[in-house]
Amino acid sequence: MCNLGCMKSGVQQRLALVLAFLGVVTLLTGVVWRYAYTQGLDQLAARGEADLALASDRLVGQLQRYRDLAVLMANHPTVVQTSGATDFSGVSDLLREVADKSAALDVLVVNRTGRVTTSASGAAPADLRRYPHVQRALRGALGWGHGPAEPLTQRAYYHAAPVFDGAGKVQGAVVVITDLNGIDYNWRGTNPAAFFTDARGEVYISNRSELLFWRRPADSAGLIPPAGEAPPFAAMMEGPHEIWQLGWGPYLPQEALHLTRDLPVIGMTGEVLLDVRQPRALAFAQAAAVAALCLAFGSLLFLAAERRRTLAAANVTLERRVADRTQALRETNAKLVAEAEEREEAQAALRRAQDDLVQAGKLSALGQMSAGISHELNQPLMAIRSYADNAAQFLERDRPGRAGENLSRISQMTQRMGRIIQNLRAFARQENLAATSVELGAVLGTAIELTRTARKAADVTLDFEPADQNIWVNGGEVRLGQVFINLITNAVDAMADRPERVLRIEIETEKQITVRFSDTGPGIEMPDKVFDPFYTTKDVGQNSGMGLGLSISYGIVQSCGGQIKGSNLASGGAVFTVTLEPAMAPNTTQEAAE
Ligand code: ADP
């Protein structure tokens, strides 16, 4: 059984489980994100490398043309012939023509001291000795470099090729100046953002003009503008990749993968900034998909677990209820058993009380009958006396025949007396035996006989036809007799003051075995009450007015499995019906043995 504390710990456990699951999902999502992002960055880097290589090649190729031009011009006979001379008019035209055709900003010739002897534009500074590329050319090697070419341009690229005389000595140099504006103008705005920094870290060429002349700060990544405050910048490593976070304007990504490529041919480093938004978004989508999948799966698992838990809880409740109900039933059962025992005890007590009542009723009936019986015995006694006297006289007169007649009458009389006394004895005896088979006609006959005196005294006519065959019913001879005697006596009592006094006793065997006692008395006053003990309408002083007869009869008939009912006839009298259970005729051999 789970109490409040146990429930609380269950909730905590589930919460911990959910949190742990969320932790694992977060971790997994993070791993997926990182993996996908790194993969995306790898692909982006590969693409960026290719883009950078392309941009670099293009730049190098474009500049190469001017280097070749410088070399060609240095070998040009006119230039070779005139580089050492002072009249440059012929060369000037040539240089101008070459510059025009090749789109070079300027083409000029310097003498061996580095002074400009002639130029296509005519605007070149007079002395170029300080430029390293010129110095290099004057030493016989190919020179190159970048820098401003005022007043023509701020960003120029120089190629310087030595001019050799016939003896192979350097006698001057040809310098081709390329306007870088013209070069990066062509690919300005293309993607991705690419720029070329020189050895000092200054952006010299770029397809994003806003980055031009930005410089790399000493000992750190990124770029800062030549003037003003440096915009926000941060650099970090994402695995092998360098990521720059920048706020460098609308045309540059906010977060970019930074790639570099050394270009020793032109003395610069190509750099490219690739927007990482796409790989980031892709990695985010992949991570989100994994997280969503995990969460959906987790939710399903959680719901299933919750459902199982709820079912288990419901089961426990059900089992508890069943146990409670069973316990309640057991208690009720025990109570019922106790009640049944009590009832049995009460019934036994009632039966005892009824038996006592029967006995009491019998004694009272005995009292009633004693008068009748003494009269009944008196009559034969008187007859015996007169028969005896008669017999004596006949003997005296020597008429033994008549005397014998009288004696046999005496014998008959004593038999009758014996029967009466026998009945009386049986009546007074307490009968505790269980109901057995009794012959209804015999019992009824005895009852009628025992009440004959009373009937006669009250001048009651009996209307009774005995059955022509034996009817076996369930009951006790004495008890049933007691019932019948009681019913007959009551009818006789009821009719005492009536002008017509007829008692009718009928036996019915068609559907059930019924004995009906109907009289011509006044009828029952309170039919509902007649079977109640001590209910009587008779005077207290009268012998029979105890109000026990019918209640005892009721108990007797019921104990024999029958029924007794009392009601009034339409003609005015009362009728009592006794229904009895039919029984088998007892075994004849047993009867013979008895
Ligand atoms: P008791 O005869 O001592 O009064 P019973 O139990 O035998 O006691 O009868 C109870 C009452 O039932 C009688 O007092 C009488 O009022 C009524 N009763 C019984 N039998 C009849 C009858 N045949 N006709 C009218 N009333 C009767």
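Atoms within each ligand, like the ligands themselves, are counted from 1 in listed order.
- Proximity to Thr536 (heavy-atom distance under 4.0 Å) selects the following atoms of ligand 1: 1 (P), 4 (O), 14 (O).
- Counting heavy atoms under 4.0 Å from ligand 1, residue Phe517 does not touch it at all.
- Ligand 1 lies within reach of Phe576, whose nearest heavy atom is under 4.0 Å from it.
- Only the side chain of Asp519 comes within 4.0 Å of ligand 1, counting heavy atoms alone; its backbone N, CA, C and O stay farther away.
- Taking only nitrogen or oxygen atoms, main chain and side chain alike, Leu550 reaches within less than 3.5 Å of ligand 1.
- At least one heavy atom of Ala491 sits closer than 4.0 Å to an atom of ligand 1.
- Taking the six-membered ring for Trp and the full ring otherwise, Phe517 and Phe484 have centroids separated by under 6.0 Å.
- The environment of Glu465 atom CD is sparse: at most 12 non-hydrogen atoms of other residues, nucleotides or ligands sit within 6.0 angstrom.
- Taking a 4.0 Å cut-off on heavy atoms, Lys538 registers as neighbouring ligand 1.
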Worksheet item: Could you walk me through whether Arg330 and Gln327 pass the side-chain hydrogen bond (donor to acceptor under 3.5 Å, both in side chains) check?
Response: CA-CA 5 Å; Arg330 211 171 287 134; Gln327 179 63 24; 3.2 Å; yes
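- Between His258 and Trp244, the two ring planes are parallel [angle under 30°; tilted spans 30° to 60°].
- Each of the following atoms of ligand 1 lies closer than 4.0 Å to a heavy atom of Ala574: 22 (C), 23 (N), 24 (N).
- Annotation: Asp324, atom CG; neighbour count of heavy atoms from other residues, nucleotides and ligands within 6.0 Å is above 12.
- Proximity of a side-chain donor or acceptor of Arg501 to a complementary backbone N or O of Asp459 within less than 3.5 Å is detected.
- Evaluated by nearest non-hydrogen atom to atom 25 (C) of ligand 1, the leading choice among Pro527, Gly566, Gly523 is Gly523.
- When atom types are taken as modelled, the side chain of Ser437 and the backbone of Val473 share no donor-acceptor pair closer than 3.5 angstrom.
- The salt bridge (charged side-chain N to carboxylate O under 4.0 Å, His left out) contacts involving residues 505-527 comprise Arg504-Glu506, Glu506-Arg516, Glu508-Arg516, where partners must be two or more places apart or lie in separate chains.
- Only the side chain of Asn486 comes within 4.0 Å of ligand 1, counting heavy atoms alone; its backbone N, CA, C and O stay farther away.
- Distances between N or O atoms of Thr537 and those of ligand 1 include at least one value under 3.5 Å.
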